[in-house]
Amino acid sequence: MDTADSASTGKDRARTRTGKRTAPRTQRASMADVARLAGVSSQTVSRVSNGYEGVTEETRQQVLAAMNELGYRPNSAARALKRGEFRTIGVITFNLSTTGNMRTLEAIATSAAQEGYAVTLLPVAVPTQDEVRGAFSRLGELAVDAVIVIMEVHLLDAATISLPPHVQVVVADSDAGDRYTVVDTDQAGGARAAVRHLLDLGHRTVWHLAGPEESFAAQRRADAWRAELAGAGCVLPRVVRGDWSAESGYRAGVQLADEKDCTAVFAANDQMALGLLRALHERGRKIPDDVSVIGFDDIPESGSFLPPLTTVHQDFAEVGRLCVEGVLRRMRHDGAEHGTTLVPTNLVVRDSTAPPPAAVDEQFGRGRDRHRRDRTGS
């Protein structure tokens, strides 16, 4: 083949199937290319790329302009190997459908981003020890620096969780504070405040719509409800149980509507309280005139329930922030010890709670009128 034929063939190869000529391939810009264009050393480019100090603002802007002009992107894998960290936190969770887990995960991602870290999420379908080990193994392959475990439920095959050694871990919502760094909401304190609020209104006892038995949070709230009633010398009603969903709250409400001595219900979360409100309304039980209802979580929609829901506020943003802070301290060996940090709750009083009905007031000497006089001081 002569020279002309070779040139023609080369031109043909440079055309697409549509006959249009393609742009010639360009080699990816290197750090040396940026240094040459900016008129600085490769070390200066590296310092700007990694955010280190010791570079004047004028020089930094000069380097950034060169990076932008050349389309230079730092090699994150190489930087990770050089630094000895990947700037990524792994998160293991067993359930993505509950409000608590989703809002905690959102708070973790937000706090991690503020610290310059990405988040890699790994849901675990079945809460078993083997599944947890497998999740840690997969996160190791994905190159994370530390792990946060949102451990809201008991394991099916072990009394307590056992996490791999030599991994920097913080656990959210668990009872493993004797062996790990744990961050949790003050579940017991919030539940006690809810029950105390209803008793202070004059109700002789408080029924409980509990969460699932395998949930740590549900267990703590139920235990606190039981302890507060016992401490007040109140009759302990049977527990009605749901699964955190509004549907399960509705089913529970159908049962509780037939309990004529039920004047107050503490629901373990706001979604179950929503279903409960609907069931009671459909059966002619007025809220709060006949039955007072209080929830837990203070989801954004709770103030728009009918009536607006009295509930216990959880500070998920603070839980997420403390999880990230704790795991970073463990990575930096900066004093994050084993133990549990409890984030305080607070009671948000709205329109779904009031003194008990007059018939119960007369029987137990706790009248609405007396409660109103106590509040006004007249």
Side-chain angles (χ1 to χ4, degrees), residues 94-95 97-104 127 150-154 171-177 182-201 203 205-232 234-246 248-249 251-253 255-256 262 264-277 291-299 302 309-316 318-319 340-350 352-353:
F94 299 123
N95 193 330
S97 64
T98 64
T99 296
N101 284 4
M102 285 303 298
R103 293 184 66 183
T104 300
I150 304 177
M151 180 81 189
E152 197 246 326
V153 296
H154 294 273
V171 183
D173 196 3
S174 172
D175 61 353
V182 174
V183 179
D184 195 9
T185 296
D186 186 4
Q187 313 283 355
R192 282 181 175 272
V195 175
R196 195 178 310 119
H197 170 69
L198 293 167
L199 294 180
D200 287 345
L201 287 172
H203 296 274
T205 193
V206 178
W207 290 66
H208 185 38
L209 171 48
E213 290 185 279
E214 65 271 15
S215 166
F216 288 112
Q219 176 185 320
R220 292 192 190 90
R221 295 170 200 178
D223 289 346
W225 160 78
R226 193 175 292 109
E228 191 67 20
L229 289 183
C234 298
V235 174
L236 189 68
R238 64 183 176 86
V239 174
V240 181
R241 198 170 290 280
D243 61 10
W244 298 130
S245 69
S248 70
R251 292 192 295 269
Q255 299 178 45
L256 292 172
C262 175
V265 182
F266 164 43
N269 79 333
D270 290 349
Q271 274 125 337
M272 291 195 298
L274 176 61
L276 173 66
L277 290 174
V291 183
S292 288
V293 175
I294 188 167
F296 203 109
D297 283 340
D298 191 24
I299 62 175
S302 61
L309 184 68
T310 296
T311 186
V312 177
H313 176 79
Q314 291 199 75
D315 191 346
F316 293 105
E318 182 66 2
V319 172
T340 299
T341 299
L342 292 180
V343 176
T345 58
N346 64 282
L347 183 68
V348 180
V349 179
R350 297 192 179 102
S352 65
T353 52

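When all heavy atoms are compared, the tightest approach of Met151 to Phe216 is O-CD1, 3.3 Å. Closest non-hydrogen pair, Ala191 versus Phe296, comes out as N-CE1, 3.6 Å. Nearest heavy atom pair, residue Val312 against residue Ala194, reads CG2-CB, 4.0 Å. Considering every non-hydrogen atom in both Ala273 and Gly295, the closest pair reads CB-CA, 4.4 Å. Between Ala210 and Met272 the shortest heavy-atom distance is O-CE, 3.6 Å. Between Trp225 and Pro237, the shortest heavy-atom contact is CH2-O, 3.5 Å.
Judged purely by distance below 3.5 Å, without hydrogens or angles, the side chains of His197 and Thr353 pair a donor atom with an acceptor atom. Between the side chains of Asp270 and Thr311, at least one donor N or O lies within less than 3.5 Å of an accepting N or O.
Between Asp186 and Arg192, none of the side-chain N atoms (NZ, or NE/NH1/NH2) sits under 4.0 Å from a carboxylate O, so this pair counts as no salt bridge. With salt bridges taken as basic N to acidic carboxylate O contacts below 4.0 Å, one links Arg220 and Asp184.
Residues satisfying the side-chain hydrogen bond (donor to acceptor under 3.5 Å, both in side chains) test with Glu152, not counting sequence neighbours, are Ser215. Remark: Glu318 pairs with Arg321 by the side-chain hydrogen bond (donor to acceptor under 3.5 Å, both in side chains) rule, at least two apart or across chains. Qualifying side-chain contact (heavy atoms from CB on, under 4.5 Å) partners for Ala193, counting only residues two or more places apart in sequence or in other chains: Arg196.
In this structure, the side chains of Leu199 and Leu229 come closer than 4.5 Å at one or more pairs of heavy atoms. A heavy-atom distance below 4.5 Å is not found between the side chains of Val153 and Pro212. By the 4.5 Å heavy-atom criterion applied to side chains, Pro127 and Glu214 are not counted as neighbours. A 4.5 Å side-chain heavy-atom check between Phe316 and Met102 finds every atom pair outside the cut-off.
Ser245 contributes atom OG, which lies 5.5 Å from atom CZ of Arg251 (distance to the nearest 0.5 angstrom). Residue Cys234 holds its SG atom at 9.0 Å from CD of Glu228, rounded to the nearest 0.5 Å. Put simply, CD1 on Ile299 and CG on Leu274 are 7.0 Å apart, with the number rounded to the nearest 0.5 Å. Of the inter-residue distances, the one linking Cys262 atom SG with His203 atom NE2 reads 9.5 Å to the nearest 0.5 angstrom. To the nearest 0.5 Å, the span separating CG on Leu209 from CD on Gln255 amounts to 9.5 Å.
Here the side chain of Asp297 pairs no donor or acceptor atom with the backbone of Asn269 at under 3.5 angstrom. Remark: side-chain polar atoms of Thr205 are paired, donor with acceptor, to backbone N or O of Val235 under 3.5 angstrom.
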Report task. Please test Arg103 against Asp298 for salt bridge (charged side-chain N to carboxylate O under 4.0 Å, His left out), starting from the C-alpha separation and ending with a verdict. Result -> CA-CA 12 Å; Arg103 293 184 66 183; Asp298 191 24; over 6 Å; no
Query raised in the report: Between Gln187 and Gln219, does a side chain to side chain contact (heavy atoms under 4.5 Å, CB included) hold up when you go through it step by step?
Result: CA-CA 9 Å; Gln187 313 283 355; Gln219 176 185 320; over 6 Å; no
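In this structure, Phe266 and His208 have parallel ring planes: the angle between them is below the 30° cut-off, well short of the 60° mark.
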